[in-house]
Amino acid sequence: MANTSSVLGDKYRSHIHGEDEKDTEWTFGAPPNYDVVNKLFEEGRTKVWEAGSLEERVQHMVKTWEMEMFNKKKFEDYKTLDPDNYTFSLNGRKPLTLEEKRRLGGGYNSLLQTSLPQSLRGYDPAKETMESAHAAFTTAFPRGFALEVLQVYSGPPSIVFKFRHWGFMEGPFQGHAPTGEMVELLGMAVYQVDEKMKIVKVEFFYDRGELLGLLLNGGGGASAENSSLTSSSCPFLKNA
């Protein structure tokens, strides 16, 4: 998550500026600027990896991959992955191609897939577009949603790691009042890369209820019935 700016360079991500990006089409009209979320990351991270270490390289790769997923409009502009062979899956679901992922609404919607009945969904990706999802989360997290790699269990070609995503809910989320509290999500991921170090397969494993339960704690936005269903203690939401 980021705001656009003409400020050049990012020490945690590649493929934003430079000659190779002169023809890149950006989803939000201009290259992203991660200065605000980088500050959040530096203030809140629990690990500082040595430059050049496997952990530091994996963290850089994941942040760059995330940047491209959210900000580059054309598949052929992606530098971190092989668009012809790439697939993404969440919590063991059927792998999705880039085109299938886009049809779901892209970034947030693909990351918050659920098999819950619609009446039990605190956040319903089936009803959200890429634009509405982006607006909802950037409003809730005005300082961004930072990511750090906590541990790397294996290196390429099968990169397995534990990650932490966090931010502060300082804005409303779909009618739910801001709480000012930290919202934190822990999970595991597997990235498969080819001989050119291009990502060909991504698998994420985490509990989406950890994120949504905290976002739905603020007052308003739902009836009493729906509020009881979307409480973080709800067993359905907890395993969504």
Side-chain angles (χ1 to χ4, degrees), residues 1-2 9-27 31-32 34 37-38 41 45-104 106-113 130 145-165 185-206 208:
M1 295 171 1
D10 187 290
K11 57 186 173 181
Y12 302 114
R13 299 164 185 82
S14 301
H15 309 310
I16 301 178
H17 303 284
E19 186 68 17
D20 289 344
E21 304 304 326
K22 67 178 182 179
D23 297 320
T24 296
E25 291 189 22
W26 298 98
T27 301
Y34 285 86
V37 75
N38 284 347
F41 166 72
R45 61 184 166 179
T46 62
K47 306 283 186 179
V48 179
W49 300 116
E50 182 180 352
S53 65
L54 175 61
E55 292 84 358
E56 192 264 350
R57 287 185 286 123
V58 169
Q59 185 165 262
H60 188 101
M61 177 192 72
V62 175
K63 286 177 180 285
T64 303
W65 166 85
E66 185 180 56
M67 178 278 298
E68 293 195 310
M69 290 290 100
F70 279 86
N71 290 279
K72 291 187 176 181
K73 185 178 294 187
K74 297 189 299 184
F75 298 152
E76 56 265 36
D77 288 335
Y78 295 162
K79 308 296 193 305
T80 56
L81 57 85
D82 176 355
D84 295 325
N85 295 300
Y86 175 88
T87 62
F88 169 87
S89 68
L90 175 66
N91 293 337
R93 285 179 168 79
K94 175 183 175 293
L96 302 171
T97 65
L98 283 173
E99 190 57 50
E100 289 171 331
K101 187 178 176 183
R102 177 164 288 180
R103 285 200 293 268
L104 286 178
Y108 294 106
N109 287 338
S110 60
L111 292 166
L112 291 170
Q113 296 172 71
M130 181 184 70
F145 201 42
L147 178 142
E148 70 170 330
V149 167
L150 296 176
Q151 188 169 352
V152 178
Y153 300 98
S154 69
S158 183
I159 303 168
V160 181
F161 62 94
K162 182 179 181 180
F163 66 89
R164 171 179 172 246
H165 243 316
L185 176 68
L186 301 175
M188 299 284 295
V190 182
Y191 280 50
Q192 296 280 349
V193 297
D194 63 16
E195 66 279 0
K196 297 179 181 179
M197 289 300 292
K198 298 284 188 179
I199 302 166
V200 294
K201 184 178 182 180
V202 170
E203 299 175 89
F204 271 96
F205 302 90
Y206 54 82
R208 72 193 285 272

Check: Lys79 main-chain N/O paired with Glu68 side-chain donor or acceptor under 3.5 Å: yes
For Thr27 and Lys73, the nearest pair of non-hydrogen atoms, with its separation, is OG1-N, 3.6 Å
Handout entry: Enclosure of Lys101 NZ (heavy-atom neighbours >12, cutoff 6.0 Å)
Key = yes
Practice prompt. Please confirm whether the backbone N or O of Thr24 pairs with a side-chain atom of Asp77, one donor and one acceptor, at under 3.5 Å?
Written response: no
* Do you see a donor-acceptor pair shorter than 3.5 Å between the side chains of Thr80 and His15? -> no
Centroid-to-centroid, Tyr12 to Phe41, below 6.0 Å? yes
CA sep, side-chain torsions, deciding dist, call: Glu99, Arg102, salt bridge (charged side-chain N to carboxylate O under 4.0 Å, His left out): CA-CA 5 Å; Glu99 190 57 50; Arg102 177 164 288 180; 5.4 Å; no
message: Donor-acceptor pair, distance only, cut-off 3.5 Å: does the side chain of Lys162 make one with the backbone of Leu186?
response: no
Minimal heavy-atom distance between His17 and Pro31, with the atoms involved, is CE1-CB, 3.6 Å
Worksheet item: Do the two ring centres, one from Trp49 and one from Phe161, sit under 6.0 Å apart?
Response: no
Closest heavy-atom pair, Gln192 versus Ser158, reported as atoms and distance to 0.1 Å, is NE2-OG, 3.1 Å
Heavy atoms of Leu147 and Lys63 approach each other most closely as O-NZ, 2.7 Å
message = Closer than 3.5 angstrom, by distance alone: can the side chain of Gln59 be matched with the main-chain N or O of Val149 as a donor-acceptor pair?
response = yes
What one should report as the nearest heavy-atom pair of Trp26 and Pro32 is CZ3-CD, 3.5 Å
The residue among Tyr78, Trp65, Tyr34, Tyr108 that forms ring pair (Phe, Tyr, Trp, His ring centres under 6.0 Å) with Phe70 is Tyr108
